[in-house]
Each structure stands twice: as C-alpha cells, then as structure tokens.
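Heads up: the structure comes next, in structure tokens.
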Protein chains: 2
Amino acid sequence: MAVGKKNYQNTILDIAEALKLSPATISRALNNHPYVKEKTRNDVVEMAAKLGYRRNLMASGLRSNRTHTIGLIIPRVSMFFHAEVITTIQNDLHKHGYSLIICQSNDSVSMERELAETLYSSRVDALIAACTLQTVDFSHFDKFVEHGNPVIFYDRVPVEDYKATLIKGDDFKGAYLATSHLIAAGCKRIAHISGPLTSNLYQDRAAGFLKAMEEHQLPVNPDWVFHQELTQGNALFAMQKMFTTGAGPDGLFADNDTSAIAAIEYAKEKGIIVPDALKVAGYSNDPRTAIITPAITSVEQFPSLVGRRIVETVVELLSNDAEGPTYKIEPVMIPVELIVRKSTSTN
Amino acid sequence: MAVGKKNYQNTILDIAEALKLSPATISRALNNHPYVKEKTRNDVVEMAAKLGYRRNLMASGLRSNRTHTIGLIIPRVSMFFHAEVITTIQNDLHKHGYSLIICQSNDSVSMERELAETLYSSRVDALIAACTLQTVDFSHFDKFVEHGNPVIFYDRVPVEDYKATLIKGDDFKGAYLATSHLIAAGCKRIAHISGPLTSNLYQDRAAGFLKAMEEHQLPVNPDWVFHQELTQGNALFAMQKMFTTGAGPDGLFADNDTSAIAAIEYAKEKGIIVPDALKVAGYSNDPRTAIITPAITSVEQFPSLVGRRIVETVVELLSNDAEGPTYKIEPVMIPVELIVRKSTSTN
DNA sequence: TTGTACGCGTTATCAT
DNA sequence: ATGATAACGCGTACAA
C-alpha cells in the first residue's frame with residue numbers, strides 16, 4: 001500500500017512494474033547499454049518521463065563507484081581570475097556529463113583540509129584544487145591519490161613532487177615581461193610588491209623580476225621588494241614606506257591588481273603623477289585595471305584557457321579505464337600576455 | 001583475501017572487525033548516538049582515525065534520505081553581488097555541517113532546467129536559486145517542492161505564487177532612493193536604463209523610479225527609459241540614442257553598475273562632464289564604482305546579509321523534522337542603502 | 001549497552 | 001535481449 005508513503009519517489013522498480021519488465025532491463029535501457037531492443041528502450045524512456053523518474057545518484061554511485069561529480073577547492077570565488085576559471089570548468093564539465101562541487105577555503109589551510117575530507121566523503125571522481133598560499137603540506141590530498149582519483153592542481157600548486165597533475169601559468173615569463181616593459185619605458189629604480197614566497201606563484205614571479213633587472217644591469221633595492229599578503233592595506237603600507245623617505249621608485253611591478261590599484265590610488269592622493277613620475281604594472285588583468293584612471297598595464301593569464309585545459313585533463317584521466325596513470329607527469333603550461341595601458345605609457 | 005582488491009576503502013565493517021564489535025555499534029558511535037559506552041566511542045573514533053576511515057556519503061544518504069548537501073543555482077558566479085552571497089552561504093552552511101553544490105545557469109533557462117534535474121538526482125536536501133531573468137515558468141523546481149525539499153529563491157524570484165521561500169532586496173526602495181537623490185541633486189530630465197520587465201527586480205525598480213518622479217512632478221520621457229539586458233554594449237547604445245538628438249538627460253539611473261560604468265565612459269569620451277552636465281547612479285555597489293573616476297553613486301544590497309538570511313532559513317526549514325512547512329509564507333526583505341559618491345555631487 | 005537483520009535504489013554478474 | 005539475484009556501505013527497528 002502506498003497510502004501514507006511520504007516522500008514517495010519513483011524508482012526503476014516502478015518503471016519495471018508498469019512495463020512488466022525487470023529492473024535490470026530498465027537500468028540497461030536508461031544507461032544506453034547495447035543489448036536492449038529499440039522498442040523496449042523507447043518504452044522505458046517514455047515511461048520514465050511519464051512517471052517523472054530521476055535517477056538516484058547515491059544509489060547509482062554506491063553501486064558503480066562513480067559519482068560523475070568533480071570537487072573543486074579554491075581560495076575565493078570572488079577573485080576575478082578564479083571566477084573565470086570556475087565558469088569555464090563548470091560549463092565544460094557539464095558538456096561531459098559531470099557536476100561540480102565548488103568549495104572555498106577562504107585561504108585557510110585548516111578549511112582546505114576539512115573541505116578535502118568532505119569531498120572525499122562525497123566520493124567525487126576527481127579533485128581540482130587551487131591551494132592556499134600557505135599550503136606546504138599536501139597530505140590531505142593523499143587519500144584521493146591512493147584511491148586512484150585524479151588530483152589536478154592549478155595556479156597555486158605544490159612545489160615538491162606530488163602524484164598529481166599540475167596546470168600553471170607562466171609566472172616567470174609574466175613577471176619578466178612586465179619588468180622588462182617597465183625598463184623599456186625608462187624606469188631605472190623599480191620596486192616589486194610580491195606575495196609570500198611559500199607559493200610557487202611568487203617564487204616564479206620574483207625570479208622573473210630579478211632576471212629582467214639583471215639583464216639590464218639595474219640594481220634591486222631590497223627595501224623596495226615586499227613579500228606580503230597582497231591586500232590593499234599592505235600595498236598602501238608598502239607605498240608609504242617607499243615614498244616617505246628620500247626619492248621613491250620610478251617603476252612598480254605588483255604581483256596582483258589589487259596592489260597595483262592601491263598603488264595608483266596612493267599616488268593620486270600624494271600627487272605623484274602616473275605614469276610620468278611613476279609607472280605601474282599589475283598582474284591578472286582584472287577588469288578594474290581597465291576602468292581606473294590611468295588604466296593599468298597588467299599580465300593576462302587567460303583564465304578560460306586554464307579552465308578548458310583542466311577539464312580536458314580531468315576527462316582524459318577519468319576515461320582511462322584501462323588503468324592508465326591518474327596524473328600527467330609534465331606540468332601543463334598556460335601562456336601569459338602583457339596588456340599595455342596608460343599606467344606605463346611614455347608620453 | 002584482500003589481494004588485488006583495487007580501490008580498497010575502509011568501511012565501518014573494517015572498524016568493527018578490528019575492534020571485535022558489530023557494525024551497528026560503530027555506526028552509533030560515529031553518529032553520536034546516546035546509547036554508546038564512552039570508552040567504546042573513544043575506541044571507535046581512534047580506530048577510525050587510524051584506518052583513515054571516511055564516511056561514504058552515498059551509502060549514508062541512500063539509507064537516511066539526507067545528503068547534508070544543498071544545491072545552488074545562480075546566473076554567474078563572476079557577478080560581484082552573487083560572488084559575495086555565495087561566499088557567505090558556503091561559509092555559514094559549512095558551520096552547520098552542510099556542503100554546497102554551486103551551479104551556474106549562464107542566464108540560460110534551459111541550462112537552469114538541466115541543473116535543477118541534476119541537483120534533484122543528487123538528492124540535495126534543499127535548493128537555493130537565483131533564477132534567470134527570463135525564467136517565468138518555474139515547473140522545474142516542482143519536484144523539490146513535491147518531495148518536501150525546501151526551495152529558497154533570492155534576488156530573481158517568481159512573481160506569481162509558489163510554495164517556496166522568497167528572499168529579496170528592497171528593489172523598489174533602492175530605485176526610489178537613487179532617483180530621489182538625483183532629483184535632490186538638481187536633475188530635472190532623468191533617464192532610466194533598466195532590465196527586462198520579466199524579472200521582479202526590474203519591475204520593482206521601475207516602480208520605484210516612477211514613484212520618485214511622480215512625487216516631484218517630473219515628466220518621464222519614454223525615449224529615455226530602456227528595458228534591455230544590462231550589458232555594456234546595450235548601455236552604450238542607449239547613451240548614443242539619448243545624446244545624439246537634441247538635449248540629452250541631466251540625470252541617469254542605471255539598474256546595474258555595468259551600465260552606469262558604461263555611461264560614464266561614454267560621457268568621458270563625448271566630453272560630457274559628470275557630474276556637472278550629467279549625474280549618474282548605479283545599482284549593486286560593485287567595487288568598480290569606487291575605483292572609476294568619478295566614483296559612482298550606487299545602491300548597496302548587502303550581499304552577505306542576504307547570504308546569512310538564506311542559510312538561517314535553510315537550516316531552520318531543514319530542522320523542522322516535525323513536519324513543519326517547507327517554506328516561509330512571508331518573503332524575507334533585505335534592506336538597501338544608497339552610497340553617495342562623486343558622480344552625483346553638486347559641487 | 002550491544003548485536004542481528006534488513007533495506008535504501010541501483011548496477012554487475014550470471015543465467016536463460 | 002531479458003530476468004534473477006547479489007552487492008555497494010550505512011542506519012535503524014528490534015531483539016538480546
């Protein structure tokens with residue numbers, strides 16, 4: 001008796017009963033299994049629609065060990081770069097029949113650990129992660145690797161060896177391009193507002209900066225190199241430090257656009273003319289850089305390309321039924337491009 | 001024999017075996033069931049940690065009909081307002097032990113339908129949705145309602161009655177405040193760049209705009225009221241239309257900041273001085289409005305408050321084990337506030 | 001306080 | 001091409 005049956009939902013058994021078929025046949029018909037008569041399949045699909053049947057992913061996943069769900073851990077969705085990456089990832093995954101669980105770590109290592117646990121409990125088929133700037137221990141991802149689930153790191157990736165796929169931007173080149181551009185524009189005393197060296201991103205950008213400086217035999221003033229969290233407040237603080245004693249820099253390369261914007265605003269307030277007295281370049285090509293006056297030169301990271309590569313990789317690794325490797329040995333490199341704007345103009 | 005057992009994972013049976021207990025006891029210990037000896041519970045927790053046990057959410061969900069997962073459908077994560085709302089929702093839900101599946105509809109109705117299907121297949125405990133601007137038929141959410149799963153709409157909500165909770169900003173008031181402010185600043189010929197009237201948002205904002213105009217007995221020029229998708233391109237087109245024939249408006253209220261920014265840029269290019277010759281107000285208080293020159297007056301929507309209320313509501317509705325209603329009859333209203341900046345200054 | 005036994009909805013295996 | 005049956009891992013009513 002179905003009387004009083006709360007939360008009633010139709011299952012393949014209901015379809016089977018209505019069609020006088022066995023549940024196995026229903027399952028096969030719904031999963032495009034080859035050995036199903038054309039008419040039977042049509043009947044099943046029709047009846048499923050009629051009964052409003054929706055596959056229960058928990059039951060299916062429990063049995064088949066595949067959830068068709070991918071986990072994603074990122075610092076914040078509100079950062080422009082990440083927002084763009086996510087959008088592409090989700091759209092592309094959707095085309096391949098995968099869902100995406102997006103989780104924010106808020107740049108907290110402990111949160112990142114918890115989220116990894118939760119996603120493992122959800123038995124996602126694969127995990128995509130842009131780690132915290134402070135993440136140096138990656139053991140919370142071990143379970144996925146051990147269990148044969150692909151792990152893809154992008155943007156902020158492990159520096160040491162790890163059995164996972166790495167997808168990264170060419171941070172060295174980005175920093176090198178930006179710095180070289182400042183030099184070509186006539187800057188001689190260039191400052192660098194950079195992030196913490198725990199992250200590969202800022203290690204590489206620092207190296208790119210230094211390479212460009214060296215190549216042109218320009219001295220690097222240690223008081224003008226900052227390794228700090230890239231917030232507006234910290235950037236203002238750095239500017240203050242550089243411009244309150246003696247002659248400040250005539251060029252600034254900032255490792256993110258938030259810092260570059262803060263620098264521009266500091267300069268405006270103090271009457272330092274950009275680009276005449278100070279040229280500024282940022283990183284990420286955040287939409288804000290095009291809107292502020294003067295518009296800021298910045299490094300484009302092609303987030304949607306990053307997203308596309310990630311999905312390509314995930315799909316490829318997951319289709320390796322033949323027990324192929326669960327990761328790619330060579331990191332995937334995404335190109336960068338310098339977008340030149342008014343903040344570094346020579347007029 | 002465990003030999004050759006690929007994808008081996010520890011289950012409560014492994015813990016039971018290791019401890020010479022029954023699986024039932026393990027389950028109880030792990031779920032904080034009252035009738036478990038303190039020592040037993042400790043032993044279980046310890047062994048679980050030792051074996052690296054992680055609950056299989058599919059199995060537990062299948063059995064208990066609760067996934068501790070909430071679904072979220074939004075147009076785009078990259079819109080500032082939504083990004084902020086999401087962040088709060090996820091953080092707050094996490095505190096209550098819920099995970100969040102975030103899906104983007106890309107403002108496409110058919111995608112929204114598909115995502116609703118997928119989330120239903122995942123048997124999320126509740127669904128949060130900010131609908132597409134074109135969504136007028138909400139039947140794809142019916143299954144959740146019928147099944148007793150709370151549905152919470154925010155921002156873009158159904159206009160007609162629907163057995164779901166509504167959480168909305170005070171759009172009427174926001175538009176009224178912005179328009180009144182323009183009038184108080186001396187504007188007599190005010191234009192309105194608005195969104196499609198299929199959405200409650202723009203209906204309410206249009207009404208707020210008209211109310212303010214009426215109250216001050218200002219005429220509304222129908223050629224200066226635009227109902228269109230709120231893109232940069234459309235805004236530029238509207239500006240062009242208004243300023244190429246005769247005297248243009250001296251005030252503009254735009255229903256989003258992207259349009260307001262585009263208007264400012266058009267004005268800059270054409271030598272129309274803002275705020276002297278044209279005053280502009282936007283909507284959402286996007287960070288870009290504070291950065292552009294001149295900074296733009298805009299309506300703050302308190303996205304984190306929206307997020308907080310959403311989670312409060314979800315948690316409350318889900319804890320209604322006692323067969324309470326699955327929705328709130330009264331919509332929850334989130335206040336708005338006008339942030340005044342240079343673009344409407346009277347200096 | 002703990003154990004036994006069953007079922008959640010689906011899919012894989014074997015049989016027909 | 002289809003059916004019967006077992007199993008995935010867990011939670012719970014009932015028994016002990």
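Throughout, a chain's letter reflects where its sequence line sits, starting with A, and its residues are numbered from 1. Just so it is clear, the structure is predicted and the values come from calculations on it, not from any experiment.
The neighbour count for B:Glu17 CD, taken as heavy atoms of other residues, nucleotides or ligands under 6.0 Å away, does not exceed 12. The environment of NZ in B:Lys143 is crowded: more than 12 heavy-atom neighbours from other residues, nucleotides or ligands sit within 6.0 Å.
Using a 4.5 Å heavy-atom threshold, the side chains of B:Tyr53 and B:Ile12 count as touching. In this structure, A:Leu115 and B:Gln90 have side chains that are in contact, with non-hydrogen atoms separated by less than 4.5 Å.
Minimum atom distance to the side chain of B:Ala24 is reached by C:dT4, of the listed C:dT4, D:dG3, D:dA1. Distance from the side chain of B:Tyr35 is smallest to C:dT1 among C:dT1, D:dA4, C:dT10.
Between B:Thr11 and D:dG9 there is no side-chain N or O to OP1 or OP2 distance below 4.0 Å. At the phosphate of D:dC8, neither OP1 nor OP2 sits under 4.0 Å from any side-chain N or O atom of A:Asn65. Phosphate proximity of D:dT2 to A:Thr25: absent, as no side-chain N or O sits under 4.0 Å from OP1 or OP2. A close approach under 4.0 Å does occur between a side-chain nitrogen or oxygen of A:Thr40 and OP1 or OP2 of D:dT2.
Electrostatic pairing of A:Arg156 and A:Asp107 counts as a salt bridge here, judged by a charged N lying under 4.0 Å from a carboxylate O.
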Protein-nucleic acid N or O pairs under 3.5 Å, nucleotides 14-16 of chain D:
none

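Looking at A:Ile89, A:Ile73, A:Val77, A:Ile70 one by one, the single match for side-chain contact (heavy atoms from CB on, under 4.5 Å) with A:Ile102 turns out to be A:Val77.
A:Ile12 has its CD1 atom 13 Å from the C1' atom of D:dA4, to the nearest Å. Rounded to whole Å, atom P of C:dT1 lies 15 Å from atom CG of B:Asp43. With rounding to whole Å, A:Arg66 atom CZ is found 19 Å from D:dA7 atom C1'. Distance CD1 (A:Ile26) to P (C:dA12): 16 Å, rounded to an integer number of Å. At whole-Å resolution of the value, NE2 in A:His33 and P in C:dT10 are 18 Å apart. Between the CG atom of B:Leu19 and the P atom of C:dT1 there is a distance of 17 Å, rounded to whole Å. Following rounding to the nearest Å, B:Asn31 (CG) and D:dC10 (C1') show an atom-to-atom distance of 9 Å. Atom NZ of B:Lys37 and atom P of C:dG3 are 10 Å apart (whole Å).
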Return a table of donor-acceptor pairs under 3.5 angstrom between the side chains of residues 309-318 of chain A and protein atoms on other chains or two or more places apart.
from: A:Arg309; atom 1: NH1; to: A:Glu312; atom 2: OE1; distance (Å): 3.2
from: A:Thr313; atom 1: OG1; to: A:Arg309; atom 2: O; distance (Å): 2.7
from: A:Glu316; atom 1: OE1; to: A:Lys328; atom 2: NZ; distance (Å): 3.4

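A:Lys39 comes within contact range of no nucleotide atom at all, as no heavy-atom separation falls under 4.0 Å. Residue contacts shown for A:Leu21 are limited to sugar-phosphate atoms, with no base heavy atom under 4.0 Å away.
Less than 4.0 Å separates DNA chain C from at least one heavy atom of each of the following residues of residues 53-64 of chain A: A:Tyr53, A:Arg55, A:Asn56, A:Ala59, A:Ser60, A:Arg63.
Ring pair B:Tyr162/B:Phe138 is tilted by interplanar angle, where 30° to 60° counts as tilted. Note: B:His68 and B:Tyr98 have tilted aromatic rings, judged against thresholds of 30 and 60 degrees for the angle between ring planes.
For the atom pair CD of B:Gln104 and OG of B:Ser78, the computed distance is 6.5 Å after rounding to the nearest 0.5 Å.
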